[in-house]
Amino acid sequence: MSIFPLVLLFGLCCGSALAGRDLKATARKPSTQTFFPPTSFQTFEGGVEHPLSRRDSSLADVASTFVETQLKVDSKTVKFKSGYSSDIAQHAYIKQQHNNITFANAVANVAFKDGKVVSFGNSFSKPSAFASSTPTISVDAAISAAEKALDGTHNKIPTTLEYLVNADNTASLIHVVQVQNQDQGTWYEAFIDAHSGEFISSIDLVANAAYRVLPIFKEDLTEGFEFLQDPQNPASSPLGWHNDGTSATNDTSGNNVLAYLDQDLTATTTQSSAGLIFNYTQDPSLSPSEQINSDAARANVFYILNTWHDVVYLYGFTESAFNFQQTNVKSGGLGGDRVLASVQNSRARNNANFGTPPDGQSGTMNMYLWDFTDPLRDGALENDIVTHEMTHGLTNRMTGGGTARCLQVVESQGLGEGWSDAMADWMEHVSAPISDYTLGSYVTNSTAGVRSRPYSTNSTTNPYTYATVATFMQIGEVNVHDIGEVWANMLHNVHAALVDAHGFSKTARADASGLEGNVVFLHLFIDALALQPCQPDFLQARDAIIQADSNRYSGSNKCLLWKVFASRGLGFNAFDYTDDFSLPSGC
Ligand SMILES: *[C@@H]1O[C@H](CO)[C@@H](O)[C@H](O)[C@H]1NC(C)=O
Ligand SMILES: *[C@@H]1O[C@H](CO)[C@@H](O)[C@H](O)[C@H]1NC(C)=O
Ligand SMILES: *[C@@H]1O[C@H](CO)[C@@H](O)[C@H](O)[C@H]1NC(C)=O
Ligand SMILES: *[C@@H]1O[C@H](CO)[C@@H](O)[C@H](O)[C@H]1NC(C)=O
Ligand SMILES: *[C@@H]1O[C@H](CO)[C@@H](O)[C@H](O)[C@H]1NC(C)=O
Ligand SMILES: [Ca+2]
Ligand SMILES: [Zn+2]
């Protein structure tokens, strides 16, 4: 029997002038954004036949042949990378290759349902020239170049040799080197030219949260902890939360999560002498670093991340869909990648972030302290921040088949921020109708929280439409969280409309089988991630959600979804950040 404290957060207060305070997260990207060829995405509702549809072939063969036929390319240029079956569709992720060397940025994804192709995304290229496929620069030299370019150190992950399509349509041969800098919280995949030794560009594996605060009125902080007994879901975590697949644990570590203090992976919080009881009562009058408070914080992060794992597992973020587990109980995907969650990390303030490497390497979460108040407040005790960060792991892993390279262009990053807010939004609703939602209120001591507007169905409260993205893009340094607000608000509206239409399940976190609106919403959310192409834009993310509804619910919500998206400018003819409020024929 396990007993865990759960933090309950109450609405807070206050009117300090924190609006527009820019936190550091957006300024740290290197200017060398990797080039990504344009991505096309087609959805086919009920599906189309494909060349091997009448034969008994493997997913790899069927998907590869489909890509070859569609793109009229030779089978030698197509390499099956990964694939899996969800409860509703089969997903295949494919890379372009040349001389048996795969491309880092030319990829395809095909989804099948009932033997037919339901969606197809691709960024395959026809390079005008290829660098020789035999490198002339050694791996060691490439590592040095990567470390120098990105001010970090190569970790122990083996380098790979790949091709990279450039903006001028040539193909460079590259050594791919992971480089980290713990002090700066950076973690990149560096692309080093394997012939010239020059640094070309990088993939940023860390998604940061930067928080903006609007001044508002005061309210007192009320803390409330609850004891929850055995909150784990055996359907999602058959080993329980305190067993990593090799041995039982008696602290804040297990198969899904290791929650520790600052930079010491062994600094977990331990159980009580009576067994797996973590009964640490946080004292808000004391500094977060007091033992009782840091124990409570680690216990809370451990509880939230495990609960998050168990919920999204039910909706499809499983081993085969590239989730985070030390030991994989069901087949598919790579293990050895539970989330390493650093609580009260002392390297930064007023922020939080999540690093998502490819499947098989642990995701890393850093939670920092916030100095807007005295005593400081701990992000680990604000559940929506923890959920926001963890959801970066979901979207980065499920988009593009576990490579963690497919939410890198600005618009895709913005969508990533939006999904993270939308997941926090979904997790915190307990009844219909779907009320307005803010996040980050506790750490900032401000009811407005960290975003510019509450998420709302009311277009006065939140007026953001697709065209708002264009205004955000025009601001000198684009803040991907601004773009994320537009997407998160669209998703808030989708959630609200589905709940209005189909009701609300109070057991949705433990039971994904219902037909209530909040259950439907999370299914579409997660199904669509696997369908959408690498580097999706707003239109493609919308289309993937509508296709997900076709796959799972025979399109029964098609017009509802179109109406919601259209109401926020993402209608049938929306394009290039111009609002369109029209519906497809039949709606
Ligand atoms: C690519 O790999 C296949 C299968 O391993 C092999 O038959 C073929 O010769 C290789 N081609 C090149 C260009 O290395
Ligand atoms: C937890 O397990 C370790 C390793 O088995 C053991 O040394 C330690 O005493 C245990 N701690 C508690 C609090 O039960
Ligand atoms: C938890 O700790 C509090 C004191 O902080 C105590 O009153 C309560 O009985 C404890 N509960 C359990 C189940 O150990
Ligand atoms: C929160 O903000 C209010 C209003 O600015 C202030 O009175 C209060 O002391 C703050 N709380 C903390 C813990 O700093
Ligand atoms: C939307 O919000 C505005 C401002 O709070 C309010 O005046 C209006 O009545 C709301 N509209 C609806 C339909 O609730
Ligand atoms: Ca995994
Ligand atoms: Zn974020």
Side-chain angles (χ1 to χ4, degrees), residues 58-60 63-64 79-87 89-95 97 102-104 107-111 154-162 176-180 187-189 203 205-207 236-241 243-247 249 253-258 265 305-306 308-310 312-341 354-365 390-408 526 529-530 534:
S58 69
L59 178 64
S64 300
K79 169 83 173 177
F80 177 79
K81 163 68 172 49
S82 58
Y84 70 99
S85 299
S86 74
D87 62 327
Q90 289 81 49
H91 299 279
Y93 299 93
I94 289 189
K95 292 189 174 194
Q97 67 174 3
T102 57
F103 278 77
V107 297
N109 62 308
V110 190
H154 172 50
N155 57 20
K156 296 285 171 262
I157 301 304
T159 63
T160 55
L161 188 68
E162 303 182 40
V176 178
V177 184
Q178 282 194 18
V179 169
Q180 288 182 261
W187 188 0
Y188 297 106
E189 277 187 324
I203 296 278
L205 299 177
V206 179
S236 304
S237 292
L239 300 173
W241 288 354
N243 188 317
D244 61 14
T246 307
S247 48
T249 60
S253 74
N255 200 38
N256 308 322
V257 180
L258 189 166
L265 281 167
L305 293 185
N306 273 292
W308 184 98
H309 166 278
D310 287 4
V312 299
Y313 191 99
L314 298 177
Y315 288 83
F317 191 41
T318 58
E319 290 95 332
S320 56
F322 322 106
N323 79 353
F324 299 90
Q325 290 183 195
Q326 204 58 16
T327 298
N328 284 349
V329 180
K330 298 227 173 93
S331 65
L334 299 173
D337 61 357
R338 67 175 160 186
V339 173
L340 306 179
F354 195 92
T356 313
D359 190 30
Q361 263 184 278
S362 278
T364 63
M365 172 178 278
M390 188 60 237
T391 302
H392 282 302
L394 166 76
T395 55
N396 278 301
R397 283 282 176 85
M398 283 194 76
T399 305
T403 64
R405 290 174 178 173
C406 284
L407 297 177
Q408 289 287 321
I526 289 178
L529 297 176
C534 197

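Each residue takes its place number in the sequence, starting with 1. Below, each value reflects all heavy atoms present in this structure, side chains not excepted, and no hydrogens, waters or symmetry copies.
In this structure A108 satisfies the side-chain contact (heavy atoms from CB on, under 4.5 Å) test together with V67, I94, F120, N122, F124, sequence neighbours excluded. The side-chain contact (heavy atoms from CB on, under 4.5 Å) search around S58 returns A60, D61, not counting sequence neighbours. For F103, the ring-ring contact (aromatic ring centres under 6.0 Å, His included) criterion is met by Y163, not counting sequence neighbours. In this structure, the side chain to side chain donor-acceptor pair (under 3.5 Å) partners of T318, at least two apart in sequence or on a different chain, are S320. Every residue two or more places apart in sequence or in another chain was checked for a salt bridge (charged side-chain N to carboxylate O under 4.0 Å, His left out) with R338, and none qualifies. Checked against side chain to side chain donor-acceptor pair (under 3.5 Å), Q325 has the following partners two or more places apart in sequence or in another chain: H309, E319, N323. I157 is linked by a side-chain contact (heavy atoms from CB on, under 4.5 Å) to N155, Q178, Q361, counting only residues two or more places apart in sequence or in another chain. Judged as a side chain to side chain donor-acceptor pair (under 3.5 Å), and not counting sequence neighbours, T327 has no contacts. For E162, the side chain to side chain donor-acceptor pair (under 3.5 Å) partners two or more places apart in sequence, or in a different chain, are T160, R405. For T249, the side-chain contact (heavy atoms from CB on, under 4.5 Å) criterion is met by H242, D251, S253, not counting sequence neighbours.
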Steps toward side chain to side chain donor-acceptor pair (under 3.5 Å) verdict (S237, N256): CA-CA 8 Å; S237 292; N256 308 322; 3.1 Å; yes
Stepwise side-chain contact (heavy atoms from CB on, under 4.5 Å) test for W187 and T364: CA-CA 10 Å; W187 188 0; T364 63; 3.4 Å; yes
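Remark: side-chain polar atoms of T391 are not paired, donor with acceptor, to backbone N or O of L394 under 3.5 angstrom. Within the 3.5 Å criterion, the main-chain N or O of G401 finds a donor-acceptor partner in the side chain of S82. Here the side chain of Y93 pairs no donor or acceptor atom with the backbone of V107 at under 3.5 angstrom.
Applying ring pair (Phe, Tyr, Trp, His ring centres under 6.0 Å) to H91 and the options F322, Y84, F80 leaves one that passes, Y84.
Note on residues 393-403: pairs passing salt bridge (charged side-chain N to carboxylate O under 4.0 Å, His left out), not counting sequence neighbours, are D337-R397, D359-R397.
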